[in-house]
Amino acid sequence: MNNDFKGLLYASPVDAALPSTIFKSGIEWNYIVTDLVVIVVAGLLTFWIYRRKDLNV
């Protein structure tokens, strides 16, 4: 892979969950932090978008 794009590996869910890598060395902290940031941002965006909806039920 080109060295210019090496930083994008941490955003790839495929690279973070390779079973062979997890069994050999466990999950790296870089992937855990990246996944947690994505989960928190997605959750906050979900609530923000939901509150903006004008639902007339």
- [ ] State which residue, out of Val41, Thr46, Val40, fulfils the side chain to side chain contact (heavy atoms under 4.5 Å, CB included) condition with Leu44.
- [x] Val40
TODO: Group every Ile, Leu, Val, Met, Phe, Trp and Tyr by side-chain heavy-atom contacts under 4.5 Å, then state whether Ile32 and Ile22 land in the same group.
DONE: yes
TODO: Mind checking the CG-CH2 spacing from Leu36 to Trp29? Nearest 0.5 Å is all I need.
DONE: 9.0 Å
Task: Approximate separation, where rounding is to 0.5 Å, of Asn30 CG and Asp35 CG - done: 10.5 Å
Open item on the list: Grouping I, L, V, M, F, W and Y whenever their side-chain heavy atoms are under 4.5 Å apart, do Phe23 and Ile27 come out in a common cluster?
Closed with: no
Open item on the list: Taking the cut-offs as 6.0 angstrom to the six-membered ring centre and 45 degrees off its axis, would you call Arg51 and Trp48 a cation-pi pair?
Closed with: no
Open item on the list: With a 4.5 Å cut-off on side-chain heavy-atom distances among I, L, V, M, F, W and Y, is there a chain of contacts connecting Ile39 to Phe47?
Closed with: no
